[in-house]
Visitor: 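This is the structure I want to talk about, given as structure tokens.
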Number of protein chains: 2
Amino acid sequence: MEGKADVAGKVKDLNGKTRASLLHMAGEVFAEGGFHAATVRDICRRARVNAASINYHFGSKGELYAAVLEYSYAQTLPEFPGALKDRSGPPGERLSLFIRGFMQSVLDEGRPAWYGKLMAREMVEPTSALDRIVDKAIRPRHKFLRELVVELLGYRPADEELSRMAFSIIGQCLFYYHARQVIARLNPSVRYDTRGIGRAAAHIALFSLSALKAISRGKKGG
Amino acid sequence: MEGKADVAGKVKDLNGKTRASLLHMAGEVFAEGGFHAATVRDICRRARVNAASINYHFGSKGELYAAVLEYSYAQTLPEFPGALKDRSGPPGERLSLFIRGFMQSVLDEGRPAWYGKLMAREMVEPTSALDRIVDKAIRPRHKFLRELVVELLGYRPADEELSRMAFSIIGQCLFYYHARQVIARLNPSVRYDTRGIGRAAAHIALFSLSALKAISRGKKGG
DNA sequence: AAGTGTATCAAACATTTGTTTGAACGTCAA
DNA sequence: TTGACGTTCAAACAAATGTTTGATACACTT
């Protein structure tokens, strides 16, 4: 009944055309509307395969979702891990680069890299995959941001306060993703192409660096 | 067939017990999981009424949702409009009060005031009701924030830049709502009771005021 | 008492969801 | 050629969804 799909899935991976097509289209559909809004029929229609293919190749919609996360995470691996450990250059510049890179991965509509979007979606509408995402993707970035904040402040605040600093920075970034429909209505001039993302990232970097600098000064002075 | 429900809805409003019960339970359910995740059967079960009641009293699930938004908005009316026009007191203090009030309305789990949550949900998962919410609730707050930022900066930046300042502030606030599942995993010590909300609000106010002050100084000095 | 309109209910309805089934097709080894 | 295996497909399935229906009970008027 279940052929070789489960066992061989990890062996052949993308050998089969159907399987690869499903993986890509599923990534697209999941990134668009989240896990629940996505339908297997829509995914299969776009992938031009039979509706039963998902269950044959992945077992279920949920396991397909997990496979998409795993796959897209592996795709983005070459991008980040270097940046997440890079300690060269002034910390302010590293923060700017991090913010821009993060926003690109979440907002850029062009390339088929849905991992950022899937990550952002999981925050709002969690599935059983959230724990894995937190451990593999979010926690490393959070830690990276915390250390950067320590450098920028010049001292290490209490644990909770330090987390809040990171939250303040990431919160600004994610707002552009989560509230993009509202932003489009409040200020239609805000664009989401590479230039627009760059402008948003530049503002967030300026805003955050200014805050950290002023807080640092206040702490040292008082 | 459609009796007096549609016509009389606006006349009697909450006279009927069933209608009122539905309105309250629907608000609760919609706030929990959004419009799509909510089911009419769940709402009716909690309200202890028949499953057909929603269509009888409101016409459809969508119109019930609209009615909930309208009702909960009317409930929160007494709270805000004063605050949104208050020009007394130092602007920094007014910003702190705004942030705290906004976060309370979005995060507080105790009271049955779902308007904040529904508003935050509409941003991420918009329905056809978004336009109305933007006009009636979001735009006034956005405008209020912009004017406050102008006061705090001491000058008026370009339109887009000014909007981004407001986005940076609101983005920090909404992160605590949208990413609460992730926050719980990253830093379990962050609480969502009144004290915890107050602490988060205080941090966001400090962070934002520091940023605005430093940016203002930089602009004037350079 | 009869009549009128409102409200509530259990049941059924049509649609959509994820999933399963059984047949058909192709490939390759014996 | 035969038989086994992996793959694809149309069709059907069971469950859940929003909605509709027809009957029944109640309140109030005439």
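Below, read A as the first sequence line, B as the second, and so on, with proteins coming before strands; counting in each chain starts at 1.
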Visitor: Quick one: which residue pairs count as a salt bridge (Lys or Arg N to Asp or Glu O under 4.0 Å) with a foot in residues 178-192 of chain B, not counting sequence neighbours?
Guide: A:Asp131-B:Arg185

Visitor: Rounded to whole angstrom units, what separation is found between the OH atom of A:Tyr65 and the P atom of C:dT17?
Guide: 18 Å

Visitor: Rounded to whole angstrom units, what separation is found between the CZ atom of A:Arg19 and the C1' atom of D:dG6?
Guide: 14 Å

Visitor: When the axes are fitted on five pairs at both termini, how much does the helix from C:dA1-D:dT30 to C:dA30-D:dT1 curve, in 10° steps?
Guide: 30°

Visitor: For B:Ala166, enumerate each residue passing the side-chain contact (heavy atoms from CB on, under 4.5 Å) test, keeping only those at least two apart in sequence or located in another chain.
Guide: B:His142, B:Leu145, B:Arg146

Visitor: Check the distance between C:dT17's C1' and A:Asp42's CG and give it to me in whole angstrom.
Guide: 13 Å

Visitor: Look at A:His57 and D:dG6 and indicate whether a side-chain polar atom (N or O) is within less than 4.0 Å of OP1 or OP2.
Guide: no

Visitor: Could you tell me which residues satisfy side-chain hydrogen bond (donor to acceptor under 3.5 Å, both in side chains) with B:Tyr192, sequence neighbours excluded, listed by chain and number?
Guide: none

Visitor: Do B:Lys61 and B:Phe30 form a cation-pi contact, if we require the NZ or CZ to be under 6.0 Å from the six-membered ring centre and within 45 degrees of the ring's axis?
Guide: no

Visitor: For the side chain of A:Thr18, counting heavy atoms from C-beta on, which of C:dT8, D:dT8, D:dT21 is nearest?
Guide: D:dT8

Visitor: Would you please name every residue forming a side-chain contact (heavy atoms from CB on, under 4.5 Å) with B:Ala129, sequence neighbours left out?
Guide: B:Tyr65, B:Leu69, B:Glu122, B:Thr127

Visitor: Shorter than 3.5 Å, N or O on both sides, protein versus nucleotides 14-18 of chain D: list them out with atom names.
Guide:
from	atom 1	to	atom 2	distance (Å)
D:dG18	OP1	B:Ala38	O	3.2
D:dG18	OP1	B:Lys61	NZ	2.9
D:dG18	OP2	B:Val40	N	3.0
D:dG18	N7	B:Arg41	NH1	2.9
D:dG18	O6	B:Arg41	NH2	3.2

Visitor: Could you check which residues of residues 43-51 of chain A get a heavy atom under 4.0 Å from DNA chain D? Sort them by number, please.
Guide: A:Val49, A:Asn50

Visitor: Does the gap between the ring centers of B:Tyr71 and B:His24 come in under 6.0 Å?
Guide: yes

Visitor: Would you please name every residue forming a side-chain hydrogen bond (donor to acceptor under 3.5 Å, both in side chains) with B:Arg132, sequence neighbours left out?
Guide: B:Glu70

Visitor: Using side-chain hydrogen bond (donor to acceptor under 3.5 Å, both in side chains) as the criterion, list what pairs up with A:Gln104, not counting sequence neighbours.
Guide: none

Visitor: Between C:dA7 atom P and B:Phe58 atom CZ, what is the distance in whole Å?
Guide: 12 Å

Visitor: Roughly how many Å is it from CD1 in B:Ile54 to C1' in C:dA10, rounded to a whole number?
Guide: 16 Å

Visitor: Anything under 3.5 Å between a donor and an acceptor, one on a side chain of residues 198-206 of chain A, the other on a protein residue two or more places apart or in another chain? List them.
Guide:
from	atom 1	to	atom 2	distance (Å)
A:Arg199	NE	B:Glu160	OE2	3.3
A:Arg199	NH2	B:Glu160	OE2	3.4
A:His203	NE2	B:Arg164	O	3.1
A:His203	NE2	B:Ser168	OG	2.9

Visitor: A:Ser60: which residues meet the side-chain hydrogen bond (donor to acceptor under 3.5 Å, both in side chains) condition with it, sequence neighbours left out?
Guide: A:Glu63

Visitor: Which residue pairs pass the salt bridge (Lys or Arg N to Asp or Glu O under 4.0 Å) test when at least one of the two sits in residues 24-39 of chain A, sequence neighbours left out?
Guide: A:Glu28-A:Arg46, A:Glu32-A:Arg46

Visitor: To the nearest angstrom, how far is A:Tyr56 atom OH from D:dC5 atom P?
Guide: 12 Å

